[in-house]
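Working notes, structure below.
The first residue of the sequence shown is numbered 1, and numbering continues consecutively from there. Each ligand, and each atom within it, is numbered from 1 in the order the structure gives.
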Amino acid sequence: MSTPPLLQRYRSLLDLPQHTQLVTLAEGNTPLIPLPRLAEQWGGGFELYVKYEGLNPTGSFKDRGMTAAISEAVGRGAKTVICASTGNTAASAAAYAARAGLKAVVLIPQGKVAAGKLAGAVAYGAQVIQIQGSFDDALHLVVEICQRHPIALVNSLNPFRLEGQKTAAFEICDVLGSAPDWLCLPVGNAGNITSYWMGFRQYDQARQSGLPRILGVQACGAAPLVLGHPVDHPETVATAIRIGRPARGEQALQAAEESGGRIIAVSDEEILAMQKTLAGEGVWVEPASAAGLAGFAAEVLAGRIQPKGKRVVAICTGHGLKDPDIVVKSMPAPQLLAVDLALLEEAILA
Ligand code: AN7
């Protein structure tokens with residue numbers, strides 16, 4: 001392994017119990033990719049980066065939290081882990097459980113999980129159970145079952161998930177030399193925004209790295225933190241954040257407020273447009289992952305954020321390969337040609 005595993009690299013900053021036994025797939029260390037063309041398009045004079053979390057081993061940021069949660073669970077002797085998931089947590093839990101030799105059970109909302117995530121969970125050998133309900137219903141069930149049986153819960157209600165996910169904030173400060181002025185990210189169950197804020201505050205206390213303002217972004221059809229009440233039937237094209245009762249909702253609101261930022265919502269159209277824009281820069285992300293930058297763009301265009309002179313980081317939480325269907329559905333099918341050179345010439349040069 002080229003760099004030490006996250007849990008070793010940042011060990012002194014992570015609150016993990018003594019019994020923790022490292023389970024790693026070389027997660028983290030994801031790149032900050034500069035997007036100067038987009039910055040120019042939005043007025044210029046500022047630095048814009050995406051942190052491409054889709055480059056984690058199972059294709060999403062969940063791996064940072066899962067290395068911690070599974071390492072703790074295996075160290076305490078757990079044999080089975082369980083989670084509810086819109087897909088990415090399921091794939092990540094399945095992979096790390098496989099690595100550790102544990103059984104993984106994942107509950108997903110019926111018919112609402114992107115193909116790449118479901119396939120991942122199956123490939124890594126998890127027991128996959130579809131629930132005739134939403135993510136929120138599934139989360140309720142897994143919490144209950146863990147109270148009755150010695151099964152380890154690895155949703156972000158598990159505090160070690162947050163410990164692991166703090167490492168993304170540390171990495172950003174390490175690469176930029178300090179915290180950015182704005183951090184934009186999608187918000188679903190709200191574990192990640194909570195972790196980032198914990199991480200930035202901790203790094204600032206230890207190393208005077210400064211604090212970002214945090215812009216959390218939900219999808220309009222699944223925006224409980226913007227509406228101020230739970231959403232019983234959340235709906236969005238960004239299935240990863242199709243969540244109506246975020247487990248860490250209070251902490252997310254607190255993170256946004258304490259940081260001088262806010263939580264806003266964007267439409268599915270804005271999410272898909274930003275997915276396309278990012279792909280046009282060579283960064284293909286799943287729809288939910290485009291929400292953070294879509295929210296930032298909306299704020300800038302409305303004059304509510306003035307980015308001049310600032311450093312802005314948008315978190316792209318999951319890889320585009322997770323949800324290929326969305327592209328196939330929302331874009332024209334590829335042209336079909338007979339095996340014919342003249343037709344090919346015509347098609348290319350037209
Ligand atoms: C790509 O996998 O909740 O606010 O069960 O997959 O920490 O929940 C996924 C969430 C953003 C939101 N982007 O993060 C799950 C799940 C992607 C995601 C989020 C998720 P949180």
Side-chain angles (χ1 to χ4, degrees), residues 30 50-56 58-66 69 82-95 106-109 112-114 116-118 120-121 126 128 131 134-139 142 153-158 161-162 164-166 168 184-199 214 216-219 222-225 234 236-253 255-256 263 266 271 275 278 284-295 314-323 326:
T30 56
V50 294
K51 187 160 177 68
Y52 197 14
E53 289 285 277
L55 294 186
N56 275 295
T58 78
S60 87
F61 73 98
K62 303 285 182 182
D63 296 340
R64 294 179 185 276
M66 209 53 75
I82 194 167
C83 65
S85 181
T86 57
N88 279 324
T89 302
S92 186
V106 306
L107 269 64
I108 58 174
K112 297 289 183 182
V113 168
K117 304 176 190 180
L118 179 55
V128 180
I131 297 296
S134 65
F135 165 85
D136 305 288
D137 298 320
L139 184 60
V142 299
L153 181 73
V154 295
N155 280 105
S156 59
L157 285 165
N158 178 325
R161 279 276 311 277
L162 303 192
Q165 287 173 212
K166 291 189 312 194
C184 320
L185 80 172
V187 175
N189 212 24
N192 211 27
I193 186 172
T194 302
S195 306
Y196 269 102
W197 186 234
M198 285 166 62
I214 297 190
V217 185
Q218 302 202 289
L225 300 179
T236 168
V237 68
T239 52
I241 52 172
R242 186 175 167 273
I243 294 174
R245 292 175 190 273
R248 300 265 181 192
E250 285 305 317
Q251 282 163 281
L253 290 167
I263 299 184
V266 293
I271 288 173
Q275 185 191 30
L278 278 167
W284 183 28
V285 304
E286 65 165 287
S289 297
L293 196 54
I315 308 302
C316 285
T317 43
H319 203 287
L321 285 167
K322 289 276 189 167
D323 194 357
I326 198 80

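Proximity of a side-chain donor or acceptor of Thr317 to a complementary backbone N or O of Phe61 within less than 3.5 Å is not detected. Judged by distance alone, with hydrogens and angles left aside, the side-chain atoms of Lys51 form a donor-acceptor pair with the main-chain N or O of Thr30 at under 3.5 Å. When atom types are taken as modelled, the side chain of Gln218 and the backbone of Leu225 share a donor-acceptor pair closer than 3.5 angstrom.
With hydrogens left out, the protein atom closest to atom 7 (O) of ligand 1 is Asn192 N, 2.8 Å, a heavy atom. For atom 17 (C) of ligand 1, the nearest protein heavy atom (residue, atom name, distance) is Thr317 OG1, 3.3 Å. Counting only heavy atoms of the protein, atom 14 (O) of ligand 1 lies nearest to Phe61 CZ, 3.4 Å. Annotation: atom 18 (C) of ligand 1 to nearest protein heavy atom, Ala240 CB, 3.5 Å.
Checked against a 3.5 angstrom limit, the closest N/O atoms of Ser289 and ligand 1 fall outside it. By the 3.5 Å distance cut-off applied to N or O atoms, Ala190 is counted among the residues near ligand 1. At under 3.5 Å, not a single nitrogen or oxygen of Pro186, backbone or side chain, sits near a nitrogen or oxygen of ligand 1.
Looking only at side-chain heavy atoms (C-beta outward), Thr239 and Thr86 stay at 4.5 Å or farther from each other. The shortest side-chain heavy-atom distance between Ser85 and Val106 does not fall under the 4.5 Å cut-off. Looking at Pro109 and Arg242, their side chains come closer than 4.5 Å, going by heavy atoms from C-beta outward. Counting heavy atoms from C-beta outward, Phe135 and Ile108 have side chains that stay 4.5 Å or more apart.
For Tyr52, the ring-ring contact (aromatic ring centres under 6.0 Å, His included) test picks out His319, with sequence neighbours left out.
Near Ile241, the atoms of ligand 1 lying under 4.0 angstrom from a non-hydrogen atom of the residue are 11 (C), 12 (C), 19 (C). The atoms of ligand 1 that sit less than 4.0 Å from any heavy atom of Thr89 are 2 (O), 5 (O), 15 (C), 16 (C). Listed by number with element, the atoms of ligand 1 under 4.0 angstrom from any heavy atom of Asn88 are 1 (C), 2 (O), 6 (O), 17 (C), 18 (C). Remark: ligand 1 atoms within the under-4.0 Å shell around heavy atoms of Ser85 are 2 (O), 5 (O), 15 (C). Heavy-atom proximity to Gly191, at under 4.0 Å, picks out these atoms of ligand 1: 4 (O), 7 (O), 21 (P). Shown in contact with Val187 at under 4.0 Å from a heavy atom are these atoms of ligand 1, numbered in order with element: 4 (O).
A heavy-atom separation below 4.0 Å is not found between Ser156 and ligand 1. Distances from ligand 1 to the non-hydrogen atoms of Ser60 include no value under 4.0 Å. Heavy atoms of Ile243 come nearer than 4.0 angstrom to ligand 1 in at least one pair.
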Do Glu53 and Arg64 pass the salt bridge (charged side-chain N to carboxylate O under 4.0 Å, His left out) test, and can you show the C-alpha distance, the side-chain angles, and the key distance before you say yes or no?
-> CA-CA 10 Å; Glu53 289 285 277; Arg64 294 179 185 276; 2.6 Å; yes

Taking distance alone, no hydrogens or angles, what donor-acceptor pairs closer than 3.5 Å link side-chain atoms of residues 184-194 to residues at least two apart or in another chain?
unit_1	atom_1	unit_2	atom_2	d
Asn189	OD1	Ala247	N	2.9
Asn192	OD1	Gln165	NE2	3.0
Thr194	OG1	Ala190	O	2.7

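If you look at Arg248 next to ligand 1, there are no close heavy atoms at all, none under 4.0 Å. Contacts with ligand 1 closer than 4.0 Å are made by side-chain heavy atoms of Lys62 only, the backbone lying farther away.
Salt bridge annotation for Glu286-Lys117: present, with a cationic side-chain nitrogen under 4.0 angstrom from a carboxylate oxygen.
For the side chain to side chain contact (heavy atoms under 4.5 Å, CB included) test with Cys83, the passing option among Asn155, Val142, Leu153 is Asn155; the others fail.
Proximity annotation for atom 8 (O) of ligand 1: of Ile193, Asn189, Thr239, Thr86, Asn189 comes nearest, heavy atoms only.
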